[in-house]
Colleague: 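Take a look at this one; I'll ask things after.
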Amino acid sequence: MDDRSVLDRLVKAYDVRGTDDELSEDVARALGVGIAEVLGSPGLDGAVALAHDMRPSSPMIVAALSAGIRSRGVDVVLLGLLSTDALSFASGHLGRAGVMVTASHNPAGHNGMKVCRAGAVPVALDTGLAEIRDVAAQVLAGVLPDATMDPGSVHHDDVTAAFVAHVHAVVDTSTLAGLHLAADAGNGMAGRMVPLVFADLDVEVDELFFDLDGTFPNHPANPLDPANLVDLAAHVVAHDLPLGLAFDGDADRMFAVDERGEPVPSSLVGAVVAERLLARHPGATVLYNVICSRTVPEVIEAAGGTAVRTRVGHSLIKARMAETDAVFAVEHSGHYYFRDFFRADSGIVAALVLLEVVAEAGLPLSEVVAPYDRRVASGEHDLEVDDPDDAIERLATAMADDAVAMDRMDGLTVDVADAWCNLRPSNTEPVLRLNVEGDDRPAMARLFDRVMAIVTDPAA
């Protein structure tokens, strides 16, 4: 495979991600040149901040990125081991573009980069990643002239104390006193950040898999898969705890299990957090994506807020937050975005708000979320089909007579009398993603079975 093909595979809609073989030292250095050209400028004010996760290849990639960036006369600020939300904070706090070296929840043997402009403004394919990729391709092809300026300098900074102070300010930390919970870091970056955040709080945290290890010896750092919550659930039940928290590899996503060890859907966590934030910011706007439970906009509006529906994807959501001045946004996948956190997503901030609600209620998590648990969801299913566009069109045609409403904000969403479904192409994988929610289990099952028959059998 030639260098251009490798770059095309690595550079996704929202980030850079691939195998360690693909993201080689030469490719990382070339991407560093692209980042310098698109996001950097000479002098400390134009420096690019670099942070990384615990994967074995991350230090090499940071070194190669730094070399590429500095080769164009742009300084770098090395921040060391951080979570992605801490890098986002650093970008906003320091006012610099940033790169987080991570493959998030992807398995061992993978790595990548999440890139943002100063102020934690995300860089997606259509807002800079394509330009970075194209410059990198010129570097690898040997057609970009060598820079004539002096190389940029290397600086070091530690933003962890400022990060902890910032996230503590989101809640009344005194309400958390005496709380006892479990947290599963999955050997990811929560193993570094959670102890820092809770060090000065009167909270007891039972730590599961907090050793930083990018080979993930215990389970994949992907809590969206219920199989990876089994250890946390067992610990919570065995120790009679009110809840447990799980974080993905770069700790920007947070998931919860209740005292029974049952996973709590991210939509319900989002509804709890939205209601709390609207109590502090009356009448504010809250965003939710097309796959969130319909309970979420109901809760937002009942709390006096304005509910705005969005497409899936962090770049789109952050841009929409800026347009609407939204105080909060929730995605079905465990991403929670906060206006007071530079509109970035943070698993730690979401966790603190949820813990505040649980502590004040003095109830286990299942009882806290019970008022929001109004519907039944199928969970997200990945479907491999020969022609995704044709499958979506066949579903639209087949459901036209029964639909109460139908829209194409993101893929195809179809509402029927007692249920709804969304079928959309993945932004990161060659699959269609199906989500179905019903007013009760039979309603959900009926629509799910019907959609599956239509999508998977062109003759149906």
Side-chain angles (χ1 to χ4, degrees), residues 53-54 83 85 104-105 107-108 167 171 173 175-270 272-273 333-334 336 346-370 372-373 379:
D53 70 8
M54 65 295 137
S83 58
D85 57 354
S104 185
H105 62 279
V167 300
V171 299
T173 56
T175 64
L176 307 182
L179 194 61
H180 185 188
L181 65 136
D184 185 339
N187 299 110
M189 287 313 303
R192 168 161 162 74
M193 307 309 297
V194 169
L196 292 172
V197 170
F198 286 92
D200 295 328
L201 303 181
D202 183 16
V203 177
E204 185 175 354
V205 181
D206 293 355
E207 299 178 351
L208 279 67
F209 314 130
F210 268 46
D211 293 335
L212 302 185
D213 189 339
T215 67
F216 307 113
N218 295 289
H219 61 71
N222 179 18
L224 187 60
D225 183 348
N228 298 324
L229 297 174
V230 170
D231 295 312
L232 176 64
H235 185 94
V236 167
V237 172
H239 293 81
D240 195 27
L241 303 180
L243 79 164
L245 304 176
F247 299 86
D248 67 346
D250 61 336
D252 61 350
R253 291 192 296 163
M254 182 273 293
F255 296 80
V257 299
D258 65 23
E259 78 284 0
R260 305 164 303 179
E262 295 294 325
V264 177
S266 297
S267 285
L268 302 192
V269 172
V272 172
V273 173
S333 55
Y336 307 96
S346 173
I348 291 289
V349 174
L352 288 174
V353 178
L354 180 64
L355 292 177
E356 183 185 43
V357 174
V358 170
E360 286 188 3
L363 298 170
L365 185 56
S366 71
E367 295 183 41
V368 170
V369 301
Y372 311 89
D373 193 7

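Note that this is a predicted model, so its numbers are computed, not measured.
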Colleague: Listing request: all salt bridge (charged side-chain N to carboxylate O under 4.0 Å, His left out) pairs with a residue in residues 192-204, at least two apart in sequence or in separate chains.
Modeller: none

Colleague: Taking the side chain as every heavy atom from C-beta outward, state whether Leu243 and Val257 have any pair of such atoms under 4.5 Å apart.
Modeller: no

Colleague: Do any side-chain atoms of residues 175-189 form donor-acceptor pairs under 3.5 angstrom with protein atoms, and if so which ones, sequence neighbours left out?
Modeller:
| unit_1 | atom_1 | unit_2 | atom_2 | d |
| --- | --- | --- | --- | --- |
| Thr175 | OG1 | Asp172 | O | 2.7 |
| His180 | NE2 | Asp206 | OD1 | 3.0 |
| His180 | NE2 | Asp206 | OD2 | 3.2 |
| Asp184 | OD1 | Gly186 | N | 2.8 |
| Asp184 | OD1 | His219 | NE2 | 3.3 |
| Asp184 | OD2 | His219 | NE2 | 2.8 |
| Asn187 | OD1 | Asn218 | ND2 | 2.8 |
| Asn187 | ND2 | Asp211 | O | 2.8 |

Colleague: Where is the tightest heavy-atom contact between Ala256 and Leu354, given as atom of each residue plus distance?
Modeller: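 Where Ala256 meets Leu354 most closely, the heavy atoms are CB-CD2, 4.1 Å.
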
Colleague: Should Met254 and Leu245 count as side-chain neighbours, where that means a heavy-atom distance under 4.5 Å?
Modeller: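 In short, these two side chains touch, coming nearer than 4.5 Å.
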
Colleague: When the side chains of residues 358-369 are checked against the rest of the protein, which donor-acceptor pairs come out under 3.5 Å, sequence neighbours left out?
Modeller:
| unit_1 | atom_1 | unit_2 | atom_2 | d |
| --- | --- | --- | --- | --- |
| Glu360 | OE1 | Arg276 | NH1 | 3.4 |
| Glu360 | OE1 | Arg276 | NH2 | 3.0 |
| Ser366 | OG | Glu259 | OE1 | 3.2 |
| Ser366 | OG | Glu259 | OE2 | 2.4 |

Colleague: Keeping to residues at least two apart or across chains, list the salt bridge (charged side-chain N to carboxylate O under 4.0 Å, His left out) pairs with something in residues 237-257.
Modeller: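 Qualifying pairs, neighbours excluded: Lys114-Asp250, Lys114-Asp252, Asp248-Arg253.
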
Colleague: Under the side-chain contact (heavy atoms from CB on, under 4.5 Å) rule, what do Ile348 and Val194 come out as? Steps first, then yes or no, please.
Modeller: CA-CA 8 Å; Ile348 291 289; Val194 169; 3.8 Å; yes

Colleague: Could you check if a side-chain atom of Pro220 sits within less than 4.5 angstrom of a side-chain atom of Asn228, using non-hydrogen atoms only?
Modeller: yes

Colleague: List in chain and number order the residues that pass side chain to side chain contact (heavy atoms under 4.5 Å, CB included) with Val273, two or more places apart in sequence or in another chain; answer none if no residue qualifies.
Modeller: Val269, Leu277, Phe328, Phe338, Val353

Colleague: Please step through side-chain contact (heavy atoms from CB on, under 4.5 Å) for the pair Ser266 and Tyr336, ending with a clear verdict.
Modeller: CA-CA 9 Å; Ser266 297; Tyr336 307 96; 3.3 Å; yes

Colleague: Which is it for Phe247 and His105 under the side-chain contact (heavy atoms from CB on, under 4.5 Å) test, yes or no, and what are the steps along the way?
Modeller: CA-CA 9 Å; Phe247 299 86; His105 62 279; over 6 Å; no

Colleague: Does a side-chain heavy-atom distance below 4.5 Å link Phe198 with Leu355?
Modeller: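 Sidechains of Leu355 and Phe198: in contact.
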
Colleague: State, to 0.1 Å, how close Gly334 and Phe255 come at their nearest heavy-atom pair, and which atoms those are.
Modeller: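 Shortest heavy-atom separation between Gly334 and Phe255 comes out as CA-CZ, 3.9 Å.
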
Colleague: Quick one: list whatever passes side chain to side chain donor-acceptor pair (under 3.5 Å) with Asp85, sequence neighbours left out.
Modeller: Ser83, Ser346

Colleague: Can you name the residues that form a side chain to side chain contact (heavy atoms under 4.5 Å, CB included) with Pro195, not counting sequence neighbours?
Modeller: Glu207, Phe210

Colleague: Can you list the residues that meet the side chain to side chain donor-acceptor pair (under 3.5 Å) rule with Asp231, with sequence neighbours excluded?
Modeller: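 By the side chain to side chain donor-acceptor pair (under 3.5 Å) rule, Asp231 matches no residue at all.
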
